[in-house]
Amino acid sequence: MDYSAHFHREIVAFEQAARGAADGTDAPLIPSCPDWTMSDLVLHLGGVHRLVARVIRERLDRQPDITDATLFELPEDREGWPAPTGGPHHGPVPVSLVDWFAEGAARLEALFRSEDPGLAVWTWSAERTAGFWLRMQTIEAALHRWDAERAAVGRARPIEPGLAVDAVAQTFEVMAPARRAWREAPPGAGERFRFRRTDGPDLWTVRFDGTEVRLTTGAADEDTDGASHDVELAGTASDLTLFLWQRLPADRLDKVTGDQAVLDRYFTLVPPV
């Protein structure tokens, strides 16, 4: 997959939504991130981009000090900008904030295009490569573009199907194990979930087994797994991704069957982090 092309498209669309909201009126609230306005969202994503760029540019092998203000290359004049301590920050979206975002996003894109994805750098995951950041930040850009469009114009375009398919797999390859460790989730007891794509042939089977998150991928017409599933969810690749990233509730999917208590235990809709 050409992650760099996806990253470019998503950050350009995010910038367009943010600039559309920088019209002198109060910053719109982000429905999928209820503690943020558009200004908070722009500051968040722009800060993440600068952190990742520093890690890749300087080949860091450990997390940089996020209390170091120079990490984020903030301009001296930040009148009207949100405080980094949290939101929601009301008032108009500063044009200078969107400019700062665009500059940092373009520089990170240039690094992604020029550096070897296999370059060894710090990440918060077991995979310690620049390629991890490229994949992670492409998915994050798509999700926050969706957030920004929904806030700015009331509706958001779906995530591109190819990227969404990858994002479903990445959720269980990377995000679910990390989230369960961060939150000290109780061990899985063999609960099985099936995710069926309705706009393509893809099928994902997930089992929570102790501390392990076991993922099996395939195509629906090749499904020979006769084991029972606690829950099955069906939807477009984009909707499944948005559900897994806590943007859509389960009742917005095409079909959900199985044990509601098991579904709620693992996928209760809470504000994303």
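- Ring to ring, Phe112 and His49 are not that close: their centroids are 6.0 angstrom or more apart.
- Under the 6.0 Å cut-off for aromatic ring centres, Phe132 and Trp122 do not qualify, their centroids lying 6.0 Å or more apart.
- Remark: Trp204 pairs with no residue by the ring-ring contact (aromatic ring centres under 6.0 Å, His included) rule, at least two apart or across chains.
- Atom CG in Asp35 sits 15.0 Å away from atom NE2 in His89 (nearest 0.5 Å).
- By the side chain to side chain contact (heavy atoms under 4.5 Å, CB included) test, Asp254 pairs with Thr198, sequence neighbours left out.
- The closest side-chain heavy-atom distance from Thr129 to Leu134 is not below 4.5 Å.
- Using the six-membered ring where Trp is involved, Phe193 and Phe208 have ring planes that are perpendicular, over 60° apart on the 30 and 60° scheme.
- The residue from Arg78, Arg54, Arg107 that alone fulfils the salt bridge (Lys or Arg N to Asp or Glu O under 4.0 Å) condition with Glu73 is Arg107.
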Just do the side-chain contact (heavy atoms from CB on, under 4.5 Å) check on Leu242 and Ile159 with the steps written out, would you? CA-CA 9 Å; Leu242 293 167; Ile159 298 172; 4.0 Å; yes

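- Aromatic pair Phe195/Phe172: centroids less than 6.0 angstrom apart.
- Contact annotation: the side chain of Leu163 approaches that of Ile139 to within less than 4.5 Å [non-hydrogen atoms, C-beta and beyond].
- When the shell of 6.0 Å around CG of Leu119 is examined, it contains more than 12 heavy atoms from other residues, nucleotides or ligands.
- The closest side-chain donor-acceptor pair between Glu127 and Ser125, if any, does not fall under 3.5 angstrom.
- Under the 4.5 Å side-chain heavy-atom criterion for Ile, Leu, Val, Met, Phe, Trp and Tyr, Phe14 and Val12 are members of distinct hydrophobic clusters.
- The closest side-chain heavy-atom distance from Phe243 to Pro249 is not below 4.5 Å.
- Between Val256 and Asp251, the closest side-chain pair of non-hydrogen atoms is not below 4.5 Å.
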Check the pair Arg192 / Asp230 against salt bridge (Lys or Arg N to Asp or Glu O under 4.0 Å), numbers first and verdict last. CA-CA 5 Å; Arg192 292 169 60 92; Asp230 295 281; over 6 Å; no

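- Transitive grouping of hydrophobic side chains (ILVMFWY, heavy atoms separated by less than 4.5 Å) keeps Leu248 and Leu29 in distinct clusters.
- Judged by distance alone, with hydrogens and angles left aside, the side-chain atoms of Glu58 form no donor-acceptor pair with the main-chain N or O of Leu60 at under 3.5 Å.
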Candidate pair Arg19 and Asp99, rule salt bridge (Lys or Arg N to Asp or Glu O under 4.0 Å), full reasoning: CA-CA 9 Å; Arg19 288 201 186 280; Asp99 292 341; 2.7 Å; yes

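- Ser4 and Arg113 are not linked by any side-chain donor-acceptor pair at a separation below 3.5 angstrom, with hydrogens and angles left out of the test.
- Under the 4.5 Å side-chain criterion, counting only non-hydrogen atoms from C-beta, Pro31 is in contact with Arg150.
- The closest side-chain heavy-atom distance from Arg180 to Thr211 is not below 4.5 Å.
- Salt-bridge annotation for Arg252 and Asp239: absent, with no side-chain N of the basic residue lying under 4.0 Å from a carboxylate O of the acidic one.
- Residues Ile30 and Thr37 are not in side-chain contact: their nearest non-hydrogen atoms beyond the backbone lie 4.5 Å or more apart.
- Under a hydrophobic clustering in which Ile, Leu, Val, Met, Phe, Trp and Tyr are joined whenever their side-chain heavy atoms come within less than 4.5 Å, directly or via other members, Val153 and Val93 fall into different clusters.
- In this structure, the ring-ring contact (aromatic ring centres under 6.0 Å, His included) partners of His44, at least two apart in sequence or on a different chain, are Trp36, His144.
- For the side chain to side chain contact (heavy atoms under 4.5 Å, CB included) criterion with Trp133, the lone passing option out of Thr138, Val55, Leu108 is Val55.
- Ring centroid separation for the pair Trp245 and Trp146 does not come in under the 6.0 Å cut-off.
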I'd like to know whether Glu149 forms a salt bridge (Lys or Arg N to Asp or Glu O under 4.0 Å) with Arg155, so could you lay out the CA-CA distance, the side-chain angles of the two residues, the decisive distance to 0.1 Å, and finally the verdict. CA-CA 6 Å; Glu149 288 182 345; Arg155 58 184 177 82; over 6 Å; no

Can Phe7 and Arg135 be said to form a side-chain contact (heavy atoms from CB on, under 4.5 Å), step by step? CA-CA 9 Å; Phe7 182 78; Arg135 186 188 191 192; over 6 Å; no

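- Under the 4.5 Å side-chain heavy-atom criterion for ILVMFWY residues, no single connected hydrophobic cluster contains both Val95 and Phe101.
- The NE2 atom of His6 sits 13.5 Å away from the CD1 atom of Ile11 when rounded to the nearest 0.5 Å.
- For the pair Pro161 and Arg197, the minimum side-chain heavy-atom distance is below 4.5 Å.
- A salt bridge does not link Arg145 with Asp147: none of the charged nitrogens is closer than 4.0 Å to a carboxylate oxygen.
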Would Glu232 and Lys255 satisfy side-chain contact (heavy atoms from CB on, under 4.5 Å), going step by step from the backbone distance to the final call? CA-CA 8 Å; Glu232 180 167 326; Lys255 185 178 181 181; over 6 Å; no

Decide yes or no on salt bridge (Lys or Arg N to Asp or Glu O under 4.0 Å) for Arg59 and Glu115, but give the supporting numbers first. CA-CA 11 Å; Arg59 273 71 165 161; Glu115 295 292 352; 3.0 Å; yes

Apply side-chain contact (heavy atoms from CB on, under 4.5 Å) to Arg194 and Val231, showing your working. CA-CA 6 Å; Arg194 174 155 290 179; Val231 180; over 6 Å; no

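- If you check the side chains of Gln170 and Glu173, you find no donor sitting under 3.5 Å from an acceptor.
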